[in-house]
Trainee: 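Can you keep this structure in mind? I'll have questions shortly.
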There are 2 protein chains.
Amino acid sequence: MESIVTMAKAEQTGSYKGSEKLRPEEMIYHEMLDAILDRRLEPGMKLIEEDLAKTFGVSRARIRATFLQLAHDKLINLVPNRGAFVAEPTIDEAIEVFSARRMIEDGVARKVATSMTPERAEQIKAHLDREHDAHHRGDHRAAIILSGEFHLLLARLSGNLVIEEFLERLILRTSLIIAMYESPQPVDCSHTEHDQLLSALLSGDPDVAAAEMSRHLDAIRDRLQLQRPKPGKTDFASIFGRIPTSEAS
Amino acid sequence: MESIVTMAKAEQTGSYKGSEKLRPEEMIYHEMLDAILDRRLEPGMKLIEEDLAKTFGVSRARIRATFLQLAHDKLINLVPNRGAFVAEPTIDEAIEVFSARRMIEDGVARKVATSMTPERAEQIKAHLDREHDAHHRGDHRAAIILSGEFHLLLARLSGNLVIEEFLERLILRTSLIIAMYESPQPVDCSHTEHDQLLSALLSGDPDVAAAEMSRHLDAIRDRLQLQRPKPGKTDFASIFGRIPTSEAS
DNA sequence: GCTGACATGATTGTTAACAATTTTGCATGC
DNA sequence: GCATGCAAAATTGTTAACAATCATGTCAGC
């Protein structure tokens, strides 16, 4: 899996679709990923097998296999005999994802800080340039994806493939969470925070690096509107503040 | 997912098979999991769809879906047009799994140590009793599984579902690694180490707890024979100490 | 005796049709 | 007007057959 990387690469060149020769199964997975993170597929939306099969020109069997992958990454929900729905991460889930990330990425920051080399520093700086660029272009979506890839880059530099893969999944979930809960006027300051993070990493002090990472992740979380559930299309319970018992309007 | 828990429960009562009414898809997943961890399915073994389908009395489609799940947990390898094979974790993979576990479980130990209550202590002690019991019964397999469940219990007490699920996968992989690389005469002292871990957790000091956890995980790893690859059935390269070029006997 | 092409069998990949289930719409009765 | 039951449509779940691919064994040629 290197979806985020692939996506970010595509962001640079423009469109993601068909920019590389992927096997159809991977292509479909990435297309759907793309659509979910881009909110063309809204949280809660029903995903009908046959429609998707026709859209992509493949059989339902392949769609079902893709569903299993997406469900494993918790980007969709699979309900027996009911079908597949774009995931709607709850506030509790969102909080747990950030908590898990802090737990893991503290360790990542520690390792990266204590194994820093000029070469690696350059790698990180090069990535930060791309982030700044996307931000100044006003390309919000590219900024979110590159921001995720920044964290993935650090995981890679930490030198543990297992952690890297796991974090990739968490970052995808985070992107979905951000898409769901971001403020109406997105105050996207993460690129500044990434600069500060680089400084902390360059200090070589693992405690400083970990503290900065925690602060950064908390900041992302706190910029979200995690106070009340953002009502989905039919979330009457939260709209009217009570458990739905009948269909009263 | 609560496979390990389910399996451990079954261990108590005796056989795992069919001890609970699971949906057939879950049943098959658990049966295969069971067989892999129990080494009835040896690492590298080919898994033929039709044979398994007949064995379990289901269609190939369901077997294929199960394969996707197992492959996602890295318990089998899926090779296009070739089929499914029981995973053969390499030494490097094994080391990375332990490294990742240390990274995560250090944090788990910290959290559990700082949130200990008499009730939770009792929960842990009760589990340790079961471990000792299995050990004195000489039930090696139950001991391995309960040992894994001990770590999973701590993850649960740490209060993060994301971490818990991730760690469950890593523990499953660890079980496979242990099955592959354990010493001929298994010196299974982990139950003693778990006692020490409990002491460290009860101290309430997060640093002490984390240090003990690291020591424990390193100890498990160091008890394995991770120096040279354990030859599979047809690993002539390691048997004869050279690259295979022809079929010379 | 060894190499390589070829045919054969085994296995995976794919498709389409059928069965089971759920959802939707409509009519009926209160 | 509203709930209930029923029928129809839509959708998922399952199966079996077919196509494509890979592994194996055989045999001609050198």
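Letters go in sequence order (proteins before strands), and every chain restarts at 1.
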Trainee: Ignoring hydrogens and angles, does a donor from either the side chain of A:R60 or the base of D:dG13 sit under 3.5 Å from an acceptor on the other?
Mentor: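 By the distance-only test, yes, there is a pair.
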
Trainee: Which part of the nucleic acid, if any, lies within reach of A:L47 when heavy atoms closer than 4.0 Å are counted: base, sugar-phosphate only, or nothing?
Mentor: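 Touches sugar-phosphate only.
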
Trainee: Take the protein atom CZ of B:F85 and the nucleotide atom C1' of D:dC22, then report the distance between them rounded to whole Å.
Mentor: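 Rounded to the whole Å, the gap is 11 Å.
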
Trainee: Side chain of B:K46 only, heavy atoms from C-beta on: which candidate in D:dT14, C:dT11, D:dC22 is closest?
Mentor: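 Of D:dT14, C:dT11, D:dC22, C:dT11 is nearest to the side chain of B:K46.
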
Trainee: Using OP1 and OP2 only, check whether a side-chain N or O of B:R82 sits under 4.0 Å from D:dT21.
Mentor: no

Trainee: Taking for each residue the nucleotide of DNA chain C bearing the nearest heavy atom, is the 5' side occupied by A:G57 or by B:D51?
Mentor: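 This one resolves to B:D51.
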
Trainee: Would you kindly give the CD1-to-P distance between A:I63 and C:dT15, to the nearest whole Å?
Mentor: 11 Å

Trainee: Ignoring the backbone of A:E50, work out which of D:dT12, C:dT12, C:dT14 is nearest its side chain.
Mentor: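 Among the listed nucleotides, the one closest to the side chain of A:E50 is D:dT12.
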
Trainee: Would you please say whether a donor-acceptor pair under 3.5 Å links the side chains of A:H140 and A:E182?
Mentor: yes

Trainee: Within this structure, what is the CZ-to-P distance between A:R64 and D:dT11, rounded to whole angstrom?
Mentor: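 After rounding, the gap between these two atoms is 14 Å.
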
Trainee: State, without any angle test, whether B:H72 and B:R169 hold a side-chain donor-acceptor pair at a distance under 3.5 Å.
Mentor: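 No.
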
Trainee: Over how many whole Å does the gap from B:R62 atom CZ to D:dA16 atom P extend?
Mentor: 13 Å

Trainee: What is the distance, to the nearest angstrom, from the CG atom on B:L68 to the C1' atom on C:dT12?
Mentor: 13 Å

Trainee: Across the strands shown, which category fits B:L78 at heavy-atom distances under 4.0 angstrom: base, sugar-phosphate, nothing?
Mentor: nothing

Trainee: Between P on D:dT15 and NZ on B:K54, what's the gap in Å once rounded to a whole number?
Mentor: 15 Å

Trainee: Hey, are the side chains of A:M45 and A:F85 touching, using non-hydrogen atoms and a 4.5 Å cut-off?
Mentor: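 Of all side-chain heavy-atom pairs linking A:F85 with A:M45, none is under 4.5 Å.
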
Trainee: Between P on C:dG13 and CG on B:N81, what's the gap in Å once rounded to a whole number?
Mentor: 6 Å

Trainee: Check this for me: does any side-chain nitrogen of one of B:R130 and B:E149 sit under 4.0 Å from a carboxylate oxygen of the other?
Mentor: yes

Trainee: Quick one: B:E49 CD to C:dT11 C1', roughly how many Å, whole number?
Mentor: 8 Å

Trainee: Between B:R141 and B:D34, does any side-chain N to carboxylate O distance fall below 4.0 Å?
Mentor: yes

